[in-house]
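Comments concern the structure below.
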Amino acid sequence: MIEKTYQPSEVEGRISQAWEQAGAFKAGRPERAQADAYSIVIPPPNVTGSLHMGHALNNTLQDVLCRFERMRGKDVLWQPGTDHAGIATQMVVERQLMEQQQPGRRDMGREKFLERVWAWKAESGGTIVNQLKRLGASCDWSRERFTMDEGLSKAVLKVFVELYREGLIYKDKRLVNWDPKLLTAISDLEVMPVETKGHLWHLRYPIEGKTFNAEDPSTFIVVATTRPETMLGDSAVAVHPDDERYKALIGKHVILPLVGRRIPIIGDEYSDPEKGSGAVKITPAHDFNDFEVGKRHGLPQINVLTIEAKITFAENVFHQPDQVSADFEETKKLEGLDRFAARKAIVARLEEMGLVEKIEPHTNVVPHGDRSNVVIEPFLTDQWYVNAAELVKPAIAMVREGKTSFVPKNWEATYFNWMENIQPWCISRQLWWGHQIPAWYGPDGKVFVALSEAEAQTEADKHYGQTTALKRDEDVLDTWFSSALWPFSTLGWPDKTKELERFYPTSVLVTGFDIIFFWVARMMMMGLHFMPKERPGAPAEQIVPFKDIYIHRLVRDASGAKMSKSKGNVVDPLGIIDEFGADALRFTLMRAVAPSHDIRLGPQDVENNRNFATKLWNAARFVEFNGAVRVEGFDPKSAKETLNRWIAHETQKAAAEITAAIETYRFSDAAGAAYRFVWNVYCDWYVELSKPVLTGADGPAKDETRAMAAWALDEIIKLLHPFMPFITEELWAVTAEQGPKRGAMLALSDWPALAGLSDDKAEAEIGWVIDLITAIRSIRAEMNLNAVIPVVLAGASATTQDLVQRWADVIKRLARVSEISSAATAPAGSVQLVVRGEVAALPLKGVVDLSAERARLAKEMQKAEADIVRVDAKLNNPNFMARAKEEVVEEEKEKREEAVGRKAKIAEALERLQGGGVTSLSLPRNRTRVYPSSAF
RNA sequence: GGGCGCGUAGCUCAGCGGAAGAGCACCUCCUUGACAUGGAGGGGGUCACAGGUUCGAUCCCUGUCGCGCCCA
């Protein structure tokens with residue numbers, strides 16, 4: 001018995017449990033051992049995360065694919081798991097410590113702190129997983145992994161060590177993006193450029209050997225800078241070698257103000273004569289460009305900042321006593337001052353000394369940390385790097401060769417653009433939470449990289465010739481390092497598991513465009529490097545980690561704004577699920593997803609789709625009320641009733657459309673087709689047209705209609721399941737109470753594979769009935785006719801007369817018609833309808849307002865004439881006749897014929913209207929074919 | 001500066017070479033025996049602008065103007 005109303009909140013939890021108990025989502029089901037494998041790895045959400053709309057979209061897409069392929073009989077693995085999210089998680093726990101007024105991370109010590117993080121993970125790390133389950137995600141939850149669990153850590157170790165041994169991982173001292181708040185290096189990708197209003201300071205650097213005189217430009221050179229505080233670390237001034245203004249100064253020196261250091265004026269093309277003063281200060285330790293200039297000219301790198309971005313002179317070793325200016329004692333007082341305070345102080349002093357020529361307002365792009373949101377400092381440190389430029393080569397080639405395809409394709413341009421300009425990937429982080437780098441140092445700094453401490457020790461002992469104490473590298477790896485291994489590490493690599501054998505490479509990756517670089521690109525690199533297919537007697541074949549990459553875009557709020565906590569416009573998917581149900585949310589997202597647009601999501605949209613779920617529910621109730629129970633072995637091909645043959649025909653068409661759309665990742669087309677089929681075909685017409693039979697006398701027709709109604713509903717439930725898994729699974733269960741037993745849960749049942757149900761005759765007949773009803777309804781509404789009216793078929797063929805009698809019941813009820821009769825010609829004073837070539841007349845003499853009808857006919861007449869003129873223009877054009885395709889010319893001729901016929905009918909109707917109250921109306925073109933399938 | 005994308009009905013978006021589409025919103029009517037979370041009908045668009053290619057352009061090309069995003 002189907003409940004009166006569908007309550008998602010009551011049903012969804014129960015269905016989830018049922019799936020879990022049945023192990024419905026388990027990969028490697030024995031009965032599917034021979035089936036094709038289908039696999040997707042989930043983009044692992046951060047353990048700290050909670051479900052947001054982006055997750056909801058991303059995971060619904062994957063779930064649709066997995067449920068679809070599972071129903072198609074494949075052995076599906078949707079591999080779930082979470083990411084340890086180094087910085088994010090460490091921040092969460094540190095904040096918690098602070099809130100609870102407990103000792104901070106450093107006071108606690110590394111080991112205890114990590115214990116604390118694990119405890120936090122045990123307690124709170126499952127949140128996001130439970131939320132994904134509420135969404136309906138059909139992951140194989142028994143295989144859930146975590147980027148820091150034992151197996152994945154083993155994979156990380158192996159990859160690090162092997163890449164190191166191949167020379168693809170190395171340690172280097174160079175500038176990194178340093179986060180002075182989190183006190184760690186970060187990768188280029190974690191740096192967000194923020195346009196900031198600032199200033200451009202023009203500073204005068206006195207030229208050596210001249211007495212500085214603010215009035216005499218020959219005694220100084222002006223450099224322009226946005227970061228005056230870094231001048232303490234300047235080691236040169238650069239001018240363009242061809243710049244006539246400065247050419248003569250190249251090779252001379254300036255005395256760095258406040259410090260007294262003697263630094264050279266060099267010629268380098270980096271200096272842009274158009275910008276600022278044309279001369280720039282060079283600070284190799286604090287600017288990426290200056291670093292390169294410094295390397296070209298062999299300049300010292302003088303770091304003047306601490307890790308917290310405070311002024312230090314500790315490394316300022318270039319103060320020979322004879323170079324120290326009298327000012328330096330004063331300058332030294334800046335030690336320990338924050339960079340921005342130091343900037344003010346330095347500018348103030350320079351101004352006092354007359355060394356500031358001018359200050360211009362200037363907008364520039366300042367790098368900020370995406371986590372800490374503080375200004376990132378280019379900072380000279382030792383870090384570990386991956387030689388990405390090398391690893392990227394096959395990753396580019398595979399996409400070029402089409403081994404992996406982006407959907408939509410245009411993302412390939414973005415991918416290539418980045419991959420071809422890739423920089424070394426800085427993978428070390430000065431954090432505690434993460435995979436500690438497997439590198440140990442001897443007393444002399446010699447590094448030993450190994451899979452274990454013992455192995456490193458052995459190597460070291462051999463190297464030193466005696467047992468030597470080693471110290472492990474304190475740093476951990478970038479979180480994305482382990483994520484890059486996700487497609488194979490989750491399947492058990494480096495062990496040779498049967499899962500790897502069966503489910504790798506994966507079928508498709510579904511992800512947002514924002515992590516193409518962070519994640520997709522790196523999985524390509526690592527996957528190609530570590531997962532080649534061995535071929536005995538031949539070079540190993542390169543295997544891509546996924547065949548397709550489906551890229552989706554953002555979910556925005558109803559007004560198109562990006563959802564963000566600070567704006568307060570975040571729509572919580574769980575709140576939506578509570579209110580409308582997971583199915584409504586999922587269906588809304590699937591109907592709206594478009595490759596080239598972000599999704600705008602408003603509550604109204606979700607409500608509409610909740611209404612769709614209700615509609616489906618009520619259709620099922622109707623079927624049940626009418627005793628339409630599934631019949632064992634029912635074959636829709638055997639149906640005799642035209643109506644039943646018609647719905648079978650339509651069901652096959654809808655199934656084909658939905659299947660083709662999902663196969664090609666056109667999710668909104670698939671959802672839209674399902675929506676229209678259920679609502680506009682099954683509910684609006686099949687249910688309505690079947691009522692006379694279902695409520696009529698018992699007999700074979702009624703039996704067949706019951707069986708067909710139940711069969712078609714069953715197909716609908718299957719077709720909708722990938723999109724709306726809960727309500728469909730519930731209906732599957734409820735409808736199983738009667739009729740033959742179900743073999744399996746819906747999630748494991750067969751996807752409709754319909755054939756041989758196409759029936760043009762049935763389509764023509766039912767289509768005609770539908771068009772007739774629609775046409776009559778249209779007239780009624782337009783003429784404001786509430787009364788029940790009669791219909792007369794004018795000059796109809798015997799077949800049509802026969803047909804209309806067969807459908808008389810339905811026509812009477814749905815079009816509110818009193819009786820249907822036939823006559824040779826339309827009775828006087830009737831409105832004429834042309835329905836698929838047949839004329840139906842409504843005798844309405846004295847009932848309708850004829851002036852309104854006259855106006856309408858005049859308008860129709862204009863339209864018909866315009867159509868004829870337009871077609872004639874084509875047909876009279878010799879070029880068109882000569883060059884257009886034959887079938888196009890044919891079509892135009894048919895159009896002309898149709899329009900001419902229509903015009904004649906309208907003229908006739910108008911004439912009769914003038915003559916004495918006889919109204920004749922030709923149905924406007926766009927209404928003559930209200931139903932064929934294209935309308936649905 | 002380089003790249004990608006978008007300007008189609010009031011709103012959100014399909015269509016991408018042969019007569020302008022959907023959903024929502026809006027207006028009118030309907031307590032018809034699954035559903036008012038419903039049913040029926042209707043109005044509404046020089047497809048951003050300007051050139052070009054074509055027998056024919058919302059659709060292809062070029063440019064202009066707006067609006068996003070990514071990279072430097």
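Protein chains get the first letters and strands the later ones, always in sequence-line order, with residue 1 at the start of each.
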Base-pairing mate for [N] - Watson-Crick or G-U, with both contacts under 3.5 Å:
N      : value
B/rU32 : none
B/rU54 : none
B/rG41 : B/rC27
B/rG17 : none
B/rA22 : B/rU12
B/rU64 : B/rA48
B/rC69 : B/rG3

Nearest to the side chain of [X], heavy atoms from C-beta on, is which of [options]?
X      : options                : result
A/D669 : B/rA34, B/rA14, B/rU37 : B/rA14
A/R621 : B/rC70, B/rA34, B/rG18 : B/rA34
A/Y675 : B/rG23, B/rA34, B/rG18 : B/rG23
A/A594 : B/rU37, B/rA34, B/rA14 : B/rA14
A/S778 : B/rG41, B/rA40, B/rC24 : B/rG41
A/N410 : B/rG5, B/rU37, B/rG18  : B/rG5
A/N611 : B/rA34, B/rU37, B/rG41 : B/rU37
A/N618 : B/rG23, B/rC35, B/rG18 : B/rC35
A/Q604 : B/rA34, B/rA25, B/rU37 : B/rA25
A/W679 : B/rG38, B/rC4, B/rC35  : B/rG38

Is there a side-chain contact between [X] and the phosphate of [N], meaning an N or O under 4.0 Å from OP1 or OP2?
X      : N      : value
A/K691 : B/rA34 : yes
A/W418 : B/rG3  : no
A/R600 : B/rU12 : yes
A/N417 : B/rG2  : no
A/K895 : B/rA19 : yes
A/K615 : B/rG39 : yes
A/H597 : B/rC69 : no

[X] has an atom [atom1]; how far is it from atom [atom2] of [N], in whole Å?
X      : N      : atom1 : atom2 : answer
A/K874 : B/rG56 : NZ    : P     : 11 Å
A/D598 : B/rC13 : CG    : P     : 9 Å
A/I422 : B/rA72 : CD1   : P     : 11 Å
A/I551 : B/rC70 : CD1   : P     : 15 Å
A/R553 : B/rC69 : CZ    : P     : 10 Å
A/N680 : B/rA22 : CG    : P     : 11 Å
A/L814 : B/rG41 : CG    : C1'   : 14 Å

[N] and [M]: how far apart are their [atom1] atoms, nearest whole angstrom?
N      : M      : atom1 : result
B/rU64 : B/rG17 : P     : 26 Å
B/rU31 : B/rG45 : C1'   : 37 Å
B/rC24 : B/rU62 : P     : 38 Å
B/rA14 : B/rG23 : P     : 16 Å
B/rA48 : B/rC6  : C1'   : 11 Å
B/rC4  : B/rC47 : C1'   : 23 Å
B/rC16 : B/rG21 : P     : 14 Å
B/rG44 : B/rC26 : C1'   : 9 Å

Counting C-beta onward and ignoring hydrogens, is there a side-chain heavy-atom pair between A/F416 and A/R400 closer than 4.5 Å? yes

Find out whether A/R816 and A/R777 are in side-chain contact, i.e. whether some heavy atom of one side chain is under 4.5 Å from a heavy atom of the other. no

Under 6.0 Å from the ring centre and within 45 degrees of the ring axis: does the NZ or CZ of [X] meet both conditions for the six-membered ring of [Y]?
X      : Y      : value
A/R522 : A/W425 : yes
A/R586 : A/F723 : no
A/R591 : A/Y675 : yes

First encountered from the 5' end of RNA chain B, between A/R777 and A/K4: A/K4

Assuming nearest nucleotide by heavy-atom distance, tell me which of A/F612 and A/T414 is located more 5' along RNA chain B. A/F612

A/Y415-A/W411 aromatic ring centre distance below 6.0 Å: no

Is there a side chain to side chain donor-acceptor pair (under 3.5 Å) between A/T588 and A/D605 once you walk through the steps? CA-CA 6 Å; A/T588 304; A/D605 300 315; over 6 Å; no

Sort out for me which residue in A/L785, A/L814, A/L833 forms a side-chain contact (heavy atoms from CB on, under 4.5 Å) with A/I776. A/L833

Just call it for [X]: base, sugar-phosphate, or nothing, with non-hydrogen atoms closer than 4.0 Å on any strand.
X      : value
A/V687 : base
A/E607 : nothing
A/T695 : base
A/R816 : nothing
A/D514 : nothing

Look at the side chain of A/E894 and the base of B/rA19, then say whether one donor and one acceptor between them are separated by less than 3.5 Å. no

On a plain distance test, is the side chain of A/R610 in donor-acceptor contact with the base of B/rU37 below 3.5 Å? yes

Would you find more than 12 non-hydrogen atoms of other residues, nucleotides or ligands less than 6.0 Å from A/Q7 atom CD? yes

Smallest heavy-atom separation, A/D287 atom then A/N289 atom, equals OD1-N, 2.8 Å

